[in-house]
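What follows is a short report on a single structure.
Count residues from 1 along the sequence. Note that the structure is a prediction, hence the values are computed from the model and not measured.
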Amino acid sequence: MARIPSITVEQIKNRADVLEIVSDVVQLKQRGRNYFGLCPFHEEKTPSFSVNPSMGIFHCFGCGKGGNAITFVMEHENIDYVEALKRLAERYGIQIEWEKGADDFQKGETALLYEIHEIAKDYYQKQLYSSKGKKSLDYLESRGFDKNTLQQFSVGFALDEWDGLYSQIDVKRFNPKVLEKSGLFIESKDKNRFLDRFRNRIMFPICNVSGRVVAFGGRTMDSDEDAKYMNSPETPIYFKSGTLYGLEHSKTAIQQEKEVVLVEGYTDFLRFYSSGIKNVVAGSGTALNFHHARALKRFTARTVLCYDGDDAGQKATERAGFILLKEGFDVRAVQLPADDDPDSYLKNKGIEAFQKLQQEAPEFIDHYIRNHQADFKTPTSKTRFVETLIAEISEVKNPVTRDFIVKEVAEKLNLREERIFSQIRRVYQQKRRGTEAGNRNISSEVPELQIVTATDKAEFELSKLILTDFEEIVGFITSKVPLKVYKHSVITPIAKELYKRIRENQTITPASLFDRDWSDQEKFYLSRLILDAESIQEHIKEEDLMKLAIDCMMVLMTDQLEKSIKELRSKIREVEKSDEDTAPLVLELSQLQKNRHDIRSKLRDFKLGTD
């Protein structure tokens with residue numbers, strides 16, 4: 001199999017800055033030497049995800065994920081090791097000259113999924129300009145989209161055929177597992193063949209933030225089709241809830257403008273971008289959620305919502321607005337006429353008309369209250385509205401932002417601020433009770449160290465000590481404690497790797513330890529060991545750590561003797577009951593006890609510094 005040369009791998013590792021890479025995805029705040037933020041791998045409201053730049057690692061205290069820059073890319077983008085190296089090489093401008101030894105048939109599954117999407121994109125794009133795609137092309141041009149825009153965003157067309165795309169696929173290279181996982185095909189009822197998922201649809205390629213095609217959205221050209229839009233299902237390379245359409249094109253403009261315009265559909269995005277409003281993104285087949293918000297937070301914390309003007313569009317605006325507020329965004333909302341969507345408004349009224357609407361767009365809370373004036377007719381309906389609004393406000397994370405919102409709501413609704421704060425406190429109490437009950441139900445899902453016995457604890461502590469910078473302690477443990485005494489199913493492979501590197505005089509750095517293909521559980525333990533090692537090194541004297549090492553050694557090296565002594569004593573009691581001679585057993589027991597005493601004495605001498 002083709003390999004990346006080891007010298008290139010080392011070059012990538014040396015250049016890959018874990019803080020820089022994680023900061024692309026997570027908004028981090030420095031706390032001491034570490035940086036903290038909301039974990040991108042699980043939903044949480046209090047930051048438990050940390051990055052230690054000096055050690056080159058990350059660790060989440062909530063879900064247990066941990067690793068280095070490469071493993072972060074692997075975990076976040078759901079790609080394999082080689083693909084992660086390629087991605088980082090592209091990022092840092094490092095050229096990979098593959099070592100000979102294999103052909104394309106041996107590519108990893110993730111690489112094949114990316115490749116098949118590129119094939120699909122090229123195929124669909126070609127069909128749009130064929131005779132069979134003329135109707136779709138005419139339709140798009142009648143909507144005001146010129147060929148430059150269509151080509152820039154690789155818009156294509158899926159023929160009204162069951163095997164249009166499938167006929168382009170080399171089934172010798174793309175096995176059935178890859179075809180199924182790609183989301184581009186469905187199995188026939190008899191499970192005998194694959195059929196194209198998308199047929200007779202205008203195709204919009206959906207890319208990740210790096211610009212690689214990961215999915216498609218398809219708009220039907222069949223007036224009798226119930227589903228106007230169809231989107232790819234989630235796949236190993238497509239996380240629907242975290243992908244925004246067009247972000248790969250607009251991210252630079254968003255950073256420059258320090259604001260993003262959020263629209264609903266693919267054509268809305270194309271209209272805005274091609275009209276010169278380039279700081280725009282759209283959803284990709286699902287309603288806006290906190291994953292989308294966090295993806296945007298990397299580029300700006302200011303948003304303008306511009307959804308359809310009808311009731312459905314306004315409800316979507318309200319859902320999105322509250323999500324963005326809770327994630328710390330400044331949010332404004334544009335109110336389009338009821339019969340307009342962003343595409344039609346910009347096309348018919350022009351860019352200046354929209355810019356005027358954008359400039360006059362109110363803060364989201366003001367927009368929300370204005371749109372619910374009908375709920376203020378009676379004291380009861382007004383109370384219900386306020387209770388609904390308070391439930392949303394209570395989830396705004398930033399207390400300063402929350403206070404400003406409360407002040408605004410109090411002024412708009414002629415309420416006392418303290419009344420609103422009192423209601424918010426009540427919501428907190430209710431949620432806390434619910435959270436405590438929920439935590440009892442889901443506690444088994446949170447990863448925990450399985451340290452049950454004294455020997456488990458001793459193995460964990462010794463492995464931790466090996467990861468400190470105290471050379472005398474490290475040498476003492478690895479020379480005096482044989483690997484055979486390690487029994488814990490997760491700690492043992494970690495200890496073996498540490499012993500191996502030390503005996504080969506390899507430099508052990510926290511980041512380099514994650515280069516090996518560990519299981520998720522092993523990565524969790526390793527991450528905890530590294531962090532704990534740093535902590536004890538800072539807060540406990542070296543001589544006390546040496547004493548700890550000796551205590552742990554005593555536990556491990558006498559463990560088997562203790563078990564043998566216990567078994568022998570039990571056996572002697574059984575023999576005594578049958579009036580048989582116990583002398584040989586007593587002699588054996590005496591020898592075992594002497595061995596235990598000798599080990600303990602020798603270790604005590606080490607502890608006292610007499611050896």
Side-chain angles (χ1 to χ4, degrees), residues 9-42 44 46-77 81 84-85 87-88 91-92 294 297-298 446-449 460-471 473-474 490-491 494-495 497-498 501-502 506-540 542 545:
V9 172
E10 287 305 312
Q11 190 180 1
I12 294 168
K13 289 178 186 176
N14 291 335
R15 289 287 303 280
D17 184 326
V18 69
L19 180 62
E20 178 184 316
I21 289 162
V22 173
S23 294
D24 283 350
V25 178
V26 182
Q27 188 174 32
L28 297 168
K29 290 185 178 179
Q30 189 169 7
R31 200 186 304 165
R33 286 182 300 179
N34 294 336
Y35 292 74
F36 284 83
L38 295 171
C39 180
F41 303 117
H42 79 287
E44 62 178 5
T46 303
S48 63
F49 182 87
S50 71
V51 178
N52 186 313
S54 62
M55 299 173 78
I57 64 170
F58 69 90
H59 177 78
C60 178
F61 294 93
C63 68
K65 294 277 189 186
N68 58 17
I70 297 170
T71 50
F72 182 85
V73 174
M74 291 170 66
E75 293 280 359
H76 186 257
E77 301 197 26
Y81 181 72
L85 287 174
R87 196 70 52 83
L88 289 169
R91 178 187 183 117
Y92 292 105
R294 290 179 188 175
K297 200 74 174 283
R298 296 161 50 189
V446 179
E448 293 182 356
L449 295 171
F460 188 81
E461 294 299 326
L462 287 175
S463 300
K464 186 194 303 181
L465 289 167
I466 294 173
L467 286 165
T468 66
D469 293 332
F470 297 125
E471 294 181 6
I473 294 175
V474 174
V490 182
I491 298 172
I494 294 174
E497 180 67 17
L498 295 175
R501 294 192 180 205
I502 289 166
Q506 295 184 37
T507 301
I508 295 179
T509 63
S512 70
L513 287 170
F514 287 98
D515 292 338
R516 201 184 116 159
D517 187 19
W518 301 103
S519 69
D520 288 344
Q521 196 175 24
E522 287 165 349
K523 280 191 281 191
F524 169 58
Y525 273 70
L526 181 58
S527 186
R528 280 292 303 273
L529 283 166
I530 291 170
L531 294 174
D532 288 1
E534 181 191 36
S535 179
I536 62 171
Q537 187 168 287
E538 289 181 359
H539 300 107
I540 303 177
E542 183 175 1
L545 292 178

[X] side chain to [Y] backbone, donor-acceptor under 3.5 Å:
X      : Y      : result
Ser512 : Ile508 : no
Glu522 : Phe524 : no
Gln521 : Val490 : no

Distance-minimising heavy-atom pair for [X] and [Y]:
X      : Y      : value
Leu88  : Ala16  : CD1-CB, 4.2 Å
Val18  : Pro53  : CG1-CA, 4.4 Å
Leu513 : Trp518 : O-NE1, 2.6 Å
Leu85  : Ile12  : O-CD1, 3.6 Å
Pro510 : Ile530 : CB-CG2, 3.7 Å
Gly56  : Ala511 : O-CB, 3.5 Å

Would you give the length of the straight line joining atom [atom1] of [X] to atom [atom2] of [Y], rounded to the nearest 0.5 angstrom?
X      : Y      : atom1 : atom2 : result
Leu28  : Leu38  : CG    : CG    : 9.5 Å
Lys464 : Asp532 : NZ    : CG    : 4.5 Å
Ile473 : Leu465 : CD1   : CG    : 6.0 Å
Leu531 : Arg528 : CG    : CZ    : 8.0 Å
Glu534 : Leu529 : CD    : CG    : 13.5 Å
Leu498 : Ile491 : CG    : CD1   : 11.0 Å

Are side-chain N/O atoms of Tyr92 and Glu20 paired as donor and acceptor at under 3.5 Å? yes
If we count only N and O atoms by modelled type, under 3.5 Å, do the side chains of Glu44 and Ser48 hold a donor and an acceptor together? yes
Taking side chain as C-beta onward, heavy atoms only, is [X] less than 4.5 Å from [Y]?
X      : Y      : value
Tyr35  : Ser23  : no
Tyr525 : Leu449 : yes
Ile21  : Val73  : yes
Tyr81  : Val9   : yes

Residue Asp517 excluded, over 12 heavy atoms near CG under 6.0 Å: no
Heavy atoms from other residues, nucleotides or ligands near CD of Gln506 exceed 12 (cutoff 6.0 Å): yes
Does the pair Ser50 and Asn52 meet the rule for a side chain to side chain donor-acceptor pair (under 3.5 Å), with working shown? CA-CA 7 Å; Ser50 71; Asn52 186 313; over 6 Å; no
Criterion side-chain contact (heavy atoms from CB on, under 4.5 Å) on Lys29 and Phe36, from CA distance to verdict: CA-CA 5 Å; Lys29 290 185 178 179; Phe36 284 83; 5.9 Å; no
Step by step, would you call Cys39 with Lys65 a side-chain contact (heavy atoms from CB on, under 4.5 Å)? CA-CA 9 Å; Cys39 180; Lys65 294 277 189 186; 5.6 Å; no
Pair Phe49 + Phe58: ring centers closer than 6.0 Å: yes
Would you say the ring centroid of Phe41 lies under 6.0 angstrom from that of Phe72? yes
Please identify each residue that fulfils salt bridge (charged side-chain N to carboxylate O under 4.0 Å, His left out) with Lys13, with sequence neighbours left out. Glu10, Asp515
